[in-house]
Amino acid sequence: MDVIIDTSIFLGKFLYYLLESLAYKIIPRRRKDVAGEIVLITGAGSGLGRLLSIHFASYGAILVLWDINQEGNMETRRLAQEKGAVKVFAYQCDCSNRQEVYRVAAQVRKEVGDVTILINNAGIVTGKLFLDIPDHMVEKTFLVNAFSHFWTCKAFLPAMIEANHGHLVCVSSIAGRIGINGLTDYSASKFAAFGLAESLFLELNMVKKSEVKTTIICPYFIKTGMFEGCTTKYPFLLPILEQEYVAKKIFNAILEEQVYVVIPRFLWFTLVLKQIISSKMVVALGEYLGVDSCMASVRGE
Ligand SMILES: NC(=O)c1ccc[n+]([C@@H]2O[C@H](COP(=O)([O-])OP(=O)(O)OC[C@H]3O[C@@H](n4cnc5c(N)ncnc54)[C@H](O)[C@@H]3O)[C@@H](O)[C@H]2O)c1
């Protein structure tokens, strides 16, 4: 009897959520108001972190900017203030260092308050073939791109759960869904970040029954400088993305509380495709698209 009731409830929910997701293809989603929210962005000193800071600034959020690069971070603070942000707090923080993350997090709680939107964005890339990557850079890549997410979430999630209000944003990568030659350490660290964010999403929803939201961002290559030298064989098919375009997509996805965000959206197709075609077909497709040589001129760290 329980099985019949359980299955009926599940099917009812499944159908309802299917119709809801179809409706959202036509009706725009409700966008949340971020005015007054305390938004912490790691890696705010350049690229996507800087542009996201500017978007949140123009929507009245209180900004907490973290970066290892103090000069870049102060410039972001200046730009955010120029966009109208009244409260912008910039902290130098090496996110790869657990003790430092916890120390600066405590300082933020004391000086600003409880963070309500946490954007784990700081990242690095070595951009070398597997056997050329120094061991310490493999470790560093994991520390910045994945481990730091554990420390920041541990520092700020308890208050979000307590208030039943908050949002965790993980900037992973398309390389966190598909392995890419020349990016073994980066890709593995981004898979780790994705795995943490997705598991935590399920934990918050199914175990904690919490209203804390999750957004996981997986963009293709962007012209921010991180992948300077990266090439694309068919720019009309798969161009390197403009950073303003990606930052706007991420900002909108956060406001709409989307969970999975692949940029550009049509790359979802490749994620499905790689599960169903043969490995030889995957290699042939990669070579056709120029993936075999796209990383050859990347400088990295
Ligand atoms: N650029 C791309 O093609 C691309 C593609 C997919 C995903 N991403 C991801 O987007 C995020 C933002 O990257 P971006 O393209 O803006 O690059 P970026 O190099 O402009 O920004 C990265 C920022 O992280 C900071 N940072 C590095 N190490 C740090 C540390 N230990 N502690 C604190 N801050 C540190 C840097 O100082 C820099 O300001 C990264 O997580 C990156 O992996 C980038």
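Just so it is clear, the values below take in all heavy atoms, side chains as well, and ignore hydrogens, waters and symmetry mates. Remember, it's 1-based here, ligands and their atoms both numbered in the order they're listed.
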Look at ligand 1 and say whether [X] reaches it with a heavy atom at a distance under 4.0 Å.
{"X": "Ala44", "result": "no"}
{"X": "Gly72", "result": "no"}
{"X": "Val144", "result": "yes"}
{"X": "Gly225", "result": "no"}
{"X": "Lys190", "result": "yes"}

Validation: residues 141-148 side-chain donor-acceptor distances under 3.5 Å, sequence neighbours left out:
unit_1: Thr141; atom_1: OG1; unit_2: Met137; atom_2: O; d: 2.6
unit_1: Thr141; atom_1: OG1; unit_2: Asp185; atom_2: OD2; d: 3.4
unit_1: Asn145; atom_1: OD1; unit_2: Ile124; atom_2: N; d: 3.0
unit_1: Asn145; atom_1: ND2; unit_2: Ile124; atom_2: O; d: 3.0
unit_1: Asn145; atom_1: ND2; unit_2: Ser189; atom_2: OG; d: 3.1
unit_1: Ser148; atom_1: OG; unit_2: Val144; atom_2: O; d: 2.7

Quick check for you: to the nearest 0.5 Å, what is the distance between Glu82 atom CD and Ile54 atom CD1?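 Going from the CD atom of Glu82 to the CD1 atom of Ile54 covers 8.5 Å.
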Nearest-0.5 Å distance, CG of residue Leu241 to NZ of residue Lys223: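 Rounded to the nearest 0.5 Å, the CG-NZ separation comes out at 8.5 Å.
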Select the closest option to atom 39 (O) of ligand 1 among Asp67, Leu241, Leu51, judged by heavy-atom distance.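 Checking each option, the heavy atom nearest atom 39 (O) of ligand 1 is found in Asp67.
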Heavy-atom proximity to atom 6 (C) of ligand 1, best of Cys170, Cys230, Ala193, Pro219: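 Of the listed residues, Pro219 has the closest heavy atom.
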Does Trp66 reach the side chain of Val101, with side-chain heavy atoms less than 4.5 Å apart?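 Yes - at least one pair of side-chain heavy atoms lies under 4.5 Å apart.
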Can you tell if the side chain of Asn69 reaches within under 4.5 Å of the side chain of Ser46, non-hydrogen atoms only?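 No, their side chains stay 4.5 Å or more apart.
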Check ligand 1 against [X] and write out every atom of the ligand that is under 4.0 Å from a heavy-atom position of the residue.
{"X": "Tyr186", "value": "6 (C), 7 (C), 8 (N), 9 (C), 42 (C), 43 (O), 44 (C)"}
{"X": "Ile124", "value": "27 (C), 28 (N)"}
{"X": "Asp94", "value": "30 (C), 31 (N), 32 (N)"}
{"X": "Leu48", "value": "10 (O), 16 (O)"}
{"X": "Gly43", "value": "23 (C), 24 (O), 25 (C), 39 (O)"}

Can you report which non-hydrogen protein atom sits closest to atom 41 (O) of ligand 1, along with the distance?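 Ranking protein heavy atoms by distance from atom 41 (O) of ligand 1, first comes Asn121 O, 2.7 Å.
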Considering only the protein, which heavy-atom contact is closest to atom 1 (N) of ligand 1, and what is its distance?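 Sorting protein heavy atoms by distance from atom 1 (N) of ligand 1 puts Thr224 OG1, 3.0 Å first.
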I need the contact type for Ser172 against ligand 1. Using non-hydrogen atoms and a strict under-4.0 Å cut-off, is it side chain, backbone, both or neither?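 Within the 4.0 Å criterion, Ser172 contacts ligand 1 through backbone atoms alone.
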Under 4.0 Å, heavy-atom basis, I'd like to know which part of Ile68 is in contact with ligand 1: side chain, backbone, both or neither.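 Under 4.0 Å from ligand 1, Ile68 contributes backbone and side-chain atoms.
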Between Gln258 and Tyr24: side-chain donor-acceptor atoms closer than 3.5 Å: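 Tyr24 and Gln258 do not have a side-chain donor-acceptor pair below 3.5 Å.
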Reference residue His167; test side chain to side chain donor-acceptor pair (under 3.5 Å); the match among Glu37, Lys213, Lys32, Glu257: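 It is Lys32, the one option of Glu37, Lys213, Lys32, Glu257 that forms the side chain to side chain donor-acceptor pair (under 3.5 Å) with His167.
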